[in-house]
Student: 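First the structure, which I've put down as structure tokens, then a few questions once you've had a look.
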2 protein chains.
Amino acid sequence: MDIEQFRKAGYQAIDRICDYYSTLQQRPVVPPVQPGYLLRSLPDRPPEAGEDFDVIADDYQKLIVPGLTHWQHPSFFAYFPTACTFEGMLGDLYASSTCNPGFNWSSSPACTELEMMMMDWSARLLGLSDHFLNSSGVGGGVLQTTSSDSALVATVAARSRYMRTHPGTKMEELVMYVTSQTHSLGVKASLVLGLECRILDVRAEDEFGLQGETLKVALEEDIAKGKHPFFLIGTVGTTSSGAIDRLEEVGEVLQHYPSIWLHVDAAWAGVTLACPEYRKTAQLEQINKYATSFGTNFHKWGLVNFDAALLWVKSRKDLTDALDVTPEFLRTKQSDAGAVIDYRNWHLGLGRRFRSVKVWFVLRSYGVEGFQKYIRECIELNDYFASLVRSSTNFSLIAAPSFALTVFRLIPHNAFPGVTLSEDLLNDINRSMYARIGARHDILLTQTILNGTFCIRFAVGAARTRKEHLDQAWSLIQEEAGSTIEEWAEKLAAGKN
Amino acid sequence: MDIEQFRKAGYQAIDRICDYYSTLQQRPVVPPVQPGYLLRSLPDRPPEAGEDFDVIADDYQKLIVPGLTHWQHPSFFAYFPTACTFEGMLGDLYASSTCNPGFNWSSSPACTELEMMMMDWSARLLGLSDHFLNSSGVGGGVLQTTSSDSALVATVAARSRYMRTHPGTKMEELVMYVTSQTHSLGVKASLVLGLECRILDVRAEDEFGLQGETLKVALEEDIAKGKHPFFLIGTVGTTSSGAIDRLEEVGEVLQHYPSIWLHVDAAWAGVTLACPEYRKTAQLEQINKYATSFGTNFHKWGLVNFDAALLWVKSRKDLTDALDVTPEFLRTKQSDAGAVIDYRNWHLGLGRRFRSVKVWFVLRSYGVEGFQKYIRECIELNDYFASLVRSSTNFSLIAAPSFALTVFRLIPHNAFPGVTLSEDLLNDINRSMYARIGARHDILLTQTILNGTFCIRFAVGAARTRKEHLDQAWSLIQEEAGSTIEEWAEKLAAGKN
């Protein structure tokens, strides 16, 4: 493809993306395809001769788009949102057009310096302390691929620091901590590294947040057994329910264990820190006071297209001590002089995408005000949805709504006279309802289990979601609840006979 | 930014990318900027109010482009090439426009199925055995971010498999193997995982490839010491010199140690397997026979924009046994039924970009023939460059040219009468010459050290490199060699006086 062919195909791509967003609302959220739909439509090997790009671009529309789950659809309420702004796309496009692996300063000075600055901009947007800034020269920020990478990098740095300061410790004696509500990234990091991970309990009455006392008891038990605690993941905004660990209590306990690294994972909810009114709930003060590292994803709810996971550390040396491998072919006069950051020593791999462009585009195009406005509007929409749940006699919230996430379940108090609604029965009924909703293509929600309670998550965040979509969603949920109740009324009646 | 504003900004981006490629040759390869150039040009925090995108897009041209190292410049011969095709950009753009994290089938069916098929297409393109195909149902392929990730995933899977089959083994007893020529990804994987890594010697007379005997002796020594060897990285096309480990010998040794996982890293040179005439040199037969996993990067020399690291394994169960963490909110009926691949269990993180689109676009637009043609042309250009080095009395090749890589140094036999050209002196002279070349902005090369010998790497692969650029490069290198000789003649004369 030559330059003029690219111009034509590029314009076409831009137009088709415009069309996609103009018609998004008319599409199903979930594609009506079965496993194997695409595998069966494609030849099993690449063509011998090159094909015309027009045909390929048409095939993308014909074969791929109908098999996409539309995360940007206004009726997508599953998982957490994945940001997808036009500014983000343009940032990705410019970055992709020059393909710099950006592993050290000289491999592309702009890549390193823009990332340094965007991490500082973002830190200031969120109100993080100066010690997390790249300009501090001591701490600093880096873009990772996902929160899993951020957590894994933090775990590796924590283990490396612990082993350096506690020589002779065996890896088998190390133990890291998460809660039952921590994202699976915690357990995955322990699997990847082959380290023991202790899962701490949290209680519904604490809104599923970790208490300091639980941690304290666990640490004392483990140390008494000869184990070496080295790492804890605290969460602000868990995936299941948006729970927030009690970082003040946790931080106070950890004051007595200065070798333990506290990583605060706020993958989803961290962006609320951009709004002063949410900083107390999202525990900004405690993050600044206690966190050894802190991560949030702009690619979830922060308007920057996937992938853009922001990770800050109090001490950049902890990263480079753990990850620096500098062979001759990567030595440069600038990094030998220590004048610049070599980001390859701040993450697991070597090469990296030029992701800071899209962060720059988004933060400038929205400004602090636009970013805040977006977060506030999503939270208001979720408050509205939660009010619908609250006003219903058949549904209950399982935890207080957290920012833009509501977790609820069906409790049909008066639907089955004479039947005791046991927890098991309620779980079965909710599974039935979820199966019905999951069979639909006009909405997407996800399930979760909170301390044994099966429930349904409703996450607001797609840019085109408006009040009308919540009303539609609520009416649809009520409809499926009605059918579920009928289904179970029959089942329960049959069971009695 | 609304849809029509995006159309305008998108057209502008496409036009500016066209301009970039029209004028690329007139730009310096290396930007004439000093550390801090951009940091000093940007405000230290994001703007309060949003800005007009025209201003932002202009700033990208004004501030970012002049600070880029132009990896696509026809006079870029450093590191390895980073592919950047228009087809790749378009694939990235479409993928970025819908932002699917694609972690399991139902999160976007098209993402999983296209990746499954593109890995099979690529396996067939390269001549890999059927046991690496996704359609085998046993082995399979997955896109990773970089070769570092591929190697790390392989190491984790190997360790996990070893620990399962050798219960009671301590992590401190494990040992993995690389050679002194393996990419730093090997040592980095061992650092990340906290495992011992033994670096095996290779010899210049073996063209820096690992011999079976070296491995055998090391394994026997380590086992005698009570260590547990579990993993070896073999390389086809090392970074320093394009060396190729002797996989037949290595494979034969490993037949006696079936618990050891052989990962073959062909990050750069793997794409040569697309051409039947290079399959013997690149050891296709041995890869198919002995490799437990195999990785190559299409984002280096394989025409697909960064990032696209292809990893195949003989047994997908080795990956999922090591990496599967399935919390409730990630359970789906399709994966519970085992009908589809959940790629999140085949890599370190959870979310992932829709990278297979760009692979699809490239393989269809180029076809097998176009892909082969590209590889062949680069190798021919490198052969031409190597012939220039060979024809010179002042320069020597350090190893036989490997595919599209030449490693050479200056040996000015008759320049300094009466002076013995010791290895140390030759290294110093070559460092001087490299410093001179490195100070220029119209070319980029990288250095390396091969068993103590400082030398210069010359890697061909940018899509716009033609014979004339090699002639220019050669003339420039000769010019700097001349100045270096003058400089050293003075130094040596001064030293004698």
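Letters go in sequence order (proteins before strands), and every chain restarts at 1.
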Student: Enter the distance from A:H70:NE2 to B:N100:CG here, rounded to the nearest 0.5 Å.
Tutor: 8.5 Å
Student: Heavy-atom pairs under 4.5 Å with chain A - which of B:G10, B:G349, B:P47 has more of them than the others?
Tutor: B:P47
Student: Side chains of B:D15 and A:R7: closer than 4.5 Å at any heavy-atom pair?
Tutor: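 In contact.
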Student: So, A:R45 side chain and B:L125 main chain: donor-acceptor pair closer than 3.5 Å or not?
Tutor: no
Student: Thinking salt bridges, do B:R124 and A:D44 make one under a 4.0 Å N-O criterion?
Tutor: yes
Student: If every non-hydrogen atom of B:C99 is compared with every non-hydrogen atom of A:W71, which pair is closest and at what distance?
Tutor: O-CB, 3.9 Å
Student: Side chain, backbone, both or neither: which part of B:S122 has an atom under 4.5 Å from a heavy atom of chain A?
Tutor: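 It is neither, since no heavy atom gets under 4.5 Å.
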Student: Are any non-hydrogen side-chain atoms of A:I64 and B:Y94 less than 4.5 angstrom apart?
Tutor: no
Student: Looking only at side chains, do A:D2 and B:Y21 share a donor and an acceptor under 3.5 Å apart?
Tutor: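 Looking only at side-chain atoms, B:Y21 and A:D2 do not form any donor-acceptor pair under 3.5 Å.
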Student: Do you know which of B:L133, B:N134, B:L363, B:D59 has the most heavy-atom pairs with chain A at a distance under 4.5 angstrom?
Tutor: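 Among B:L133, B:N134, B:L363, B:D59, the one with the most close pairs to chain A is B:D59.
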Student: Please state whether the side chain, the backbone, both or neither of B:F354 comes within less than 4.5 Å of a heavy atom of chain A.
Tutor: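 Side chain only.
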Student: Select one option (side chain, backbone, both, neither) describing which atoms of A:V30 are under 4.5 Å from chain B's heavy atoms.
Tutor: neither
Student: Looking at side-chain heavy atoms only, is the closest gap between B:L323 and A:L191 below 4.5 Å?
Tutor: no
Student: Using non-hydrogen atoms and a 4.5 Å limit, figure out which bit of B:R159 sits close to chain A: side chain, backbone, both or neither.
Tutor: side chain
Student: Name the option with the most non-hydrogen atom pairs under 4.5 Å to chain A; the candidates are B:V187, B:T82, B:I56, B:L63.
Tutor: B:I56
Student: Please name the pair of heavy atoms, one in A:L195 and one in B:M171, separated by the smallest distance, quoted to 0.1 Å.
Tutor: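 Residues A:L195 and B:M171, closest heavy atoms: CD2-CE, 4.0 Å.
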Student: In terms of heavy-atom proximity below 4.5 Å to chain A, should B:T146 be classed as side chain, backbone, both, or neither?
Tutor: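 The side chain, not the backbone.
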Student: Relative to chain B, which segment of A:S106 carries a heavy atom at a distance below 4.5 Å: side chain, backbone, both, or neither?
Tutor: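 Backbone plus side chain of A:S106, per the 4.5 Å heavy-atom cut-off to chain B.
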Student: Please flag which part of A:A78 lies under 4.5 Å from any non-hydrogen atom of chain B: side chain, backbone, both or neither.
Tutor: neither
Student: Using non-hydrogen atoms and a 4.5 Å limit, figure out which bit of B:A151 sits close to chain A: side chain, backbone, both or neither.
Tutor: neither
Student: Under 4.5 Å, counting heavy-atom pairs only, tell me which of A:D307, A:D324, A:L93, A:V192 racks up the most with chain B.
Tutor: A:V192
Student: Chain A: which of B:Y20, B:F371, B:W121 shares the most heavy-atom pairs with it under 4.5 Å?
Tutor: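 Top option by heavy-atom pairs under 4.5 Å: B:W121.
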Student: Using non-hydrogen atoms only, which part of A:L193 is less than 4.5 Å away from chain B: side chain, backbone, both, or neither?
Tutor: both
Student: Which one, B:D120, B:V156, B:I17, leads in non-hydrogen pairs under 4.5 Å with chain A?
Tutor: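 Most pairs with chain A among the choices: B:I17.
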Student: Closest heavy-atom contact between B:L38 and A:E113?
Tutor: N-OE1, 2.8 Å
Student: Which pair of non-hydrogen atoms, one from B:F6 and one from A:M89, has the smallest distance, and what is that distance?
Tutor: CZ-SD, 4.1 Å
Student: Examine whether an atom of A:A9 lies under 4.5 Å from a heavy atom of chain B, and if so say whether it belongs to the side chain, the backbone or both; otherwise answer neither.
Tutor: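 Answer is both: backbone and side chain atoms of A:A9 are under 4.5 Å from chain B.
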Student: Tell me which of these, B:H299, B:Q72, B:E4, has more heavy-atom pairs under 4.5 Å with chain A than the rest.
Tutor: B:Q72
Student: Would you mind reporting whether B:L350 and A:H183 have side-chain heavy atoms less than 4.5 Å apart?
Tutor: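 They are in contact (side-chain heavy atoms under 4.5 Å apart), so the answer is yes.
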Student: Where on B:Q5 is there a heavy atom nearer than 4.5 Å to chain A: the side chain, the backbone, both, or neither?
Tutor: neither
Student: When only pairs under 4.5 Å are counted, which of A:G50, A:G351, A:P46 shares the most heavy-atom pairs with chain B?
Tutor: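 Most heavy-atom pairs under 4.5 Å with chain B: A:P46.
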Student: What part of B:R16 gets within 4.5 angstrom of chain A, counting heavy atoms only: side chain, backbone, both, or neither?
Tutor: side chain
Student: Between B:S97 and A:C84, what is the shortest heavy-atom contact and its length?
Tutor: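 That closest heavy-atom pairing would be O-SG, 3.5 Å.
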Student: Measure from the side-chain N and O atoms of A:N305 to the backbone N and O of B:S96, and report whether any donor-acceptor pair falls under 3.5 Å.
Tutor: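 Such a contact is found between A:N305 side chain and B:S96 backbone.
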Student: Given the options A:S148, A:A435, A:A110, which has more heavy-atom pairs under 4.5 Å with chain B than any of the others?
Tutor: A:A110
Student: Given that the side chain runs from C-beta out, which part of B:A13 has a heavy atom under 4.5 Å from chain A: side chain, backbone, both or neither?
Tutor: both
Student: For the residue pair A:S107 and B:T69, establish whether any side-chain heavy-atom pair is separated by less than 4.5 Å.
Tutor: no
Student: Could you walk me through whether A:V33 and B:W105 pass the side chain to side chain contact (heavy atoms under 4.5 Å, CB included) check?
Tutor: CA-CA 11 Å; A:V33 299; B:W105 182 86; 4.2 Å; yes
Student: If I measure from the heavy atoms of chain A, does B:Y37 come under 4.5 Å with its side chain, its backbone, both, or neither?
Tutor: both
Student: Between B:P43 and chain A, with a heavy-atom cut-off of 4.5 Å, which part of the residue counts as in contact: side chain, backbone, both or neither?
Tutor: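 For B:P43, heavy atoms of backbone and side chain both lie under 4.5 Å from chain A.
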Student: Of all heavy-atom pairs between B:L39 and A:M116, which one has the smallest distance, and what is that distance?
Tutor: CD1-CE, 3.8 Å
Student: When you look at A:R364 and B:D52, which way does the salt bridge (charged side-chain N to carboxylate O under 4.0 Å, His left out) test go after all the steps?
Tutor: CA-CA 8 Å; A:R364 289 187 64 181; B:D52 194 88; over 6 Å; no
Student: Apply side chain to side chain contact (heavy atoms under 4.5 Å, CB included) to residues A:L68 and B:S108 and explain how you reach the verdict.
Tutor: CA-CA 5 Å; A:L68 293 174; B:S108 232; 3.7 Å; yes
Student: Strictly under 6.0 Å, is that where the ring centroids of B:F53 and A:F361 end up?
Tutor: yes
Student: Please flag which part of B:T112 lies under 4.5 Å from any non-hydrogen atom of chain A: side chain, backbone, both or neither.
Tutor: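 Looking at B:T112, nothing touches chain A.
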